S.K.: 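Structure in C-alpha cells, see below.
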Amino acid sequence: MPQDLVPGLLSRATELLEQQFAALPAAGPAFESAADPESMARILEGVARRLGDNYPYFHPLYAGQMLKPPHPVARAAYALAMTINPNNHARDGGRASSEMEIEAVAQIAGIFGWTQFLGHLTSSGTLANLEALWVAGQLAPGKRILGSEQAHYTHQRISAVLKLDYSPIAADRRGRINMDALETELRKGDVGTVVVTLGSTALGAVDPLDEVLALRERYGFRVHVDGAYGGYFRLITDALAEPARWAYEAITQADSIVIDPHKHGLQPYGCGCILFRDPSVGRFYKHDSPYTYFTSKQLHLGEISLECSRAGAAAVALWATQQLLPLVSGGEFARGLAHGRAAALDLDRRLREDQTGRFQPLAAGAPELDIVVWKLKAENPEQSSDLAQKVFAACATRDLHLALVQLPLKWFEPEAVSEPYTHAAKGAELVTCLRSVLMKPEHEAWLDRIWERLTASCDEVMGE
Ligand SMILES: *Cc1c(COP(=O)(O)O)cnc(C)c1O
C-alpha cells in the first residue's frame, strides 16, 4: 500500500477542532469509554484482517471496475468531520458543512458553465438520477422516459418506482444511443424525457447530446444527462475525439445533470450530485414538516432534496478536495483524467497492433473516454467467452485485476452494408469480453507492466 498520509494530516486538524469547543464544561467520561480500548483495538485488528479480502483497489494493477481511491485529503477531511458527524439535512444539523456543500456544488456546476441552477449532493448517482426523473415526471406526468439500452440499468428501475413508462432505445456499434431508433420513438409524441449518457458504464460511450438537443427543438422533451461516470470529462474536451467532444460541449444546454464525485471525483462513497438548470424546479420539493427548520431562515438543503439525513462529512471531504484540486481545465485534477484517457488509448492501440492477432477491440474504433473493452479471438462466441473468463483469472494470479462485460457479438465484426438497428437486449448474440477501466492517473505510467501481465496470461491460456 502507498504510505498513508491520513493519520499525520488528521492529528493537527483534530487538535484545532477540539480547541474550538474547549470552552464547554467537561462532559465527563463519554458513554463509549465504557468499552475498553483494548477490546476495540482487538476488534479493529479483526476488521483489518477481514478487509484484506478485497481486490487492491488502491493499486495501479487494479484496472477492472470503476474504483478509484479517495484522495488522502478527502479521507482526512471525512474522518475529521466524523468528530462532529454533521447532517446536511438542515442547518441545525450541519451549519458549516451545509455552507461547504453549497460552495462545492457551485464549483461542480461551474464545470458545465452553470451559475444559476439548483443542485445538491446525494448519497449516490442512483439517488441523483431518481431526483432528475422525479422532477421530469412532475413536469410531464404520464409521459415516457427514453434511454439507450446501454444506459445505466437503474433508469428503468427508477422509472418503475416513479410509475413512469421507460423504453430502452437500441445502441449503435459503439454503445451510443441510435439516433434513428430514438427519433422513431419521439415521433409517437408521448415522450417526456430522454436520458443521455455521457460515459456509459460498460464502455464509456458518449451519446451524441448535441444531436439529441437538435431533436428537442423539433419534438419538445426534457434532456437529462447521466454523467455519473463521465461528467468530469467536460474538463478535458480537448483530449476527446469528435463526436464525443461535441457532446460535451453541448452539455450546458441540458435540463439536468448527474455527476458522481465518488466515481471520478476522488471521494469516498457515497457522494453523488444532481444539478437542475432551472432553479424554479425547487418548488416540487416543498413540504410542510413542522419540526425540521427552526433556527434559520436561510435555505436548508433538506428543502431541495428528496433524502432527509445526508452525510455532512461527504460535503466536507468534497470541499477539501476541490480546494486542493480545483475543477478547472488544465489543472492537476484535469491532468489526472487526461492520464487515464491516454492510458486507454495506449492499451487500445497495443491490442489493435498486437502481432498475434488474438485481440479484437471494438470494430467501430478507439475508446471515447478511459474504458477499454476487447474480445478474444476464437472459433465461436462460446469459446471466446470461455477464454475471456480464463484470461481474467490468469491475470488475477499475476495481480492484474481486469473486469468482464457482455456485449453484442456483432460489435466486434465488420459492419454489414445496411445494418438495421436491433436491440442487444432483445435476443442479439452476446459474447463475454475483457474490460479495463483505466481511471487512475498512474495507469498511464503502469501500462507496460499491465501489458506484460496481460500478454503473459494470454500466452498461458491461449498458447503462444
Ligand atoms: C455508476 C453509474 C450510475 C449509478 O451511480 P451509483 O453512484 O453507483 O448509484 C448511474 N449512471 C452511470 C452512467 C453510472 O456509471
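This is a predicted model, so every value here is computed, not measured. Just so you know, ligand 1 is whichever comes first in the structure, and atom 1 is the first atom listed for that ligand. Numbering starts at 1 and runs along the sequence shown.
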S.K.: Suppose I only count heavy atoms of Gly199 and a 4.0 Å limit; which atoms of ligand 1 are within that range?
M.R.: 13 (C)
S.K.: Going by the side-chain hydrogen bond (donor to acceptor under 3.5 Å, both in side chains) test, which pairs reach into residues 108-122, not counting sequence neighbours?
M.R.: His120-Glu131
S.K.: When you compare ligand 1 with Ser200, is there at least one nitrogen or oxygen pair between them that comes in under 3.5 angstrom?
M.R.: no
S.K.: For the side-chain hydrogen bond (donor to acceptor under 3.5 Å, both in side chains) test, which of Asp346, Asp348, Asp354 pairs with Arg350?
M.R.: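 Among the candidates, only Asp346 passes.
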S.K.: What is the minimum heavy-atom distance between Pro268 and Tyr78, and which atoms define it?
M.R.: CG-CD1, 3.8 Å
S.K.: Please report which non-hydrogen protein atom sits nearest to atom 9 (O) of ligand 1, along with the residue it belongs to and the distance in Å to one decimal place.
M.R.: Thr126 OG1, 2.5 Å
S.K.: Taking all non-hydrogen atoms of both residues into account, name the closest pair between Met439 and Gln65 and its distance.
M.R.: SD-O, 4.5 Å
S.K.: Using heavy-atom distances, let me know which of Met66, Lys263, Gln65, His264 sits nearest atom 2 (C) of ligand 1.
M.R.: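 Shortest heavy-atom distance from atom 2 (C) of ligand 1: Lys263.
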S.K.: List ligand 1 atoms under 4.0 Å from Asp260, heavy atoms only on the residue side.
M.R.: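 Per the distance check, 5 (O), 6 (P), 7 (O).
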S.K.: Is the count of non-hydrogen atoms from other residues, nucleotides or ligands lying under 6.0 Å from Arg157 atom CZ greater than 12?
M.R.: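 Counting neighbours around CZ of Arg157, 12 or fewer heavy atoms of other residues, nucleotides or ligands fall under 6.0 Å, so no.
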S.K.: Show me, pair by pair, the donor-acceptor contacts under 3.5 angstrom made by side chains of residues 308-325, not counting sequence neighbours?
M.R.:
from   : atom 1 : to     : atom 2 : distance (Å)
Ser309 : OG     : Asn87  : ND2    : 2.9
Arg310 : NH1    : Glu101 : OE1    : 3.2
Arg310 : NH1    : Glu101 : OE2    : 2.9
Arg310 : NH1    : Leu121 : O      : 2.8
Arg310 : NH2    : Asn88  : O      : 3.1
Arg310 : NH2    : Glu101 : OE1    : 3.2
Arg310 : NH2    : Glu101 : OE2    : 3.3
Trp319 : NE1    : Glu103 : OE1    : 2.8
Thr321 : OG1    : Gln267 : NE2    : 2.9
Thr321 : OG1    : Ala317 : O      : 2.7
Gln322 : NE2    : Ala104 : O      : 3.2
Gln322 : NE2    : Gln107 : OE1    : 2.7

S.K.: What do you reckon, is OH of Tyr55 surrounded by more than 12 foreign heavy atoms closer than 6.0 Å?
M.R.: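 No, OH of Tyr55 has 12 or fewer neighbouring heavy atoms, counting only those of other groups under 6.0 Å.
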S.K.: Is the shortest side-chain N to carboxylate O distance from Asp190 to Lys143 below 4.0 Å?
M.R.: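 Salt bridge flag = no for Lys143 with Asp190.
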S.K.: Just go through Asp226, Thr122, Leu130 and tell me whose heavy atom is the nearest to atom 12 (C) of ligand 1.
M.R.: Asp226
S.K.: Compute the minimum heavy-atom distance from His155 to ligand 1 and say whether it is under 4.0 Å.
M.R.: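 Contact check His155 vs ligand 1: negative.
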S.K.: With heavy-atom distances below 4.0 Å as the criterion, list the atoms of ligand 1 near Ala228.
M.R.: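 Listed by number with element, the hits are 2 (C), 3 (C), 10 (C), 11 (N), 12 (C), 14 (C).
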S.K.: I need the atoms of ligand 1 closer than 4.0 Å to a non-hydrogen atom of Ser124, numbered in the order shown.
M.R.: 7 (O), 9 (O)
S.K.: Which ligand 1 atoms, with their elements, are less than 4.0 angstrom from a heavy-atom of Gly125?
M.R.: 5 (O), 6 (P), 7 (O), 9 (O)
S.K.: Between the side chains of Asp370 and His339, does any donor sit under 3.5 Å from an acceptor?
M.R.: no
S.K.: Quick check on contacts: which atoms of ligand 1 are under 4.0 angstrom from a heavy atom of His262?
M.R.: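 What qualifies from ligand 1 is 7 (O).
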S.K.: May I ask you to list the atoms of ligand 1 that are less than 4.0 angstrom from any heavy atom of Thr201?
M.R.: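 Those qualifying, in numeric order: 12 (C), 13 (C), 14 (C), 15 (O).
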S.K.: Ignoring angles and geometry beyond distance, decide whether Thr154 reaches within less than 3.5 Å of ligand 1 through its nitrogen or oxygen atoms.
M.R.: no
S.K.: Does ligand 1 have a heavy atom under 4.0 Å from the side chain of Asn129, from its backbone, from both, or from neither?
M.R.: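 Asn129 to ligand 1: side-chain contact only, backbone stays beyond 4.0 Å.
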S.K.: Closest non-hydrogen protein atom to atom 10 (C) of ligand 1, residue and atom name please, with distance?
M.R.: His152 CG, 3.3 Å
S.K.: Among Glu382, Lys375, Lys410, find the one that has a side-chain contact (heavy atoms from CB on, under 4.5 Å) with Val431.
M.R.: Lys375
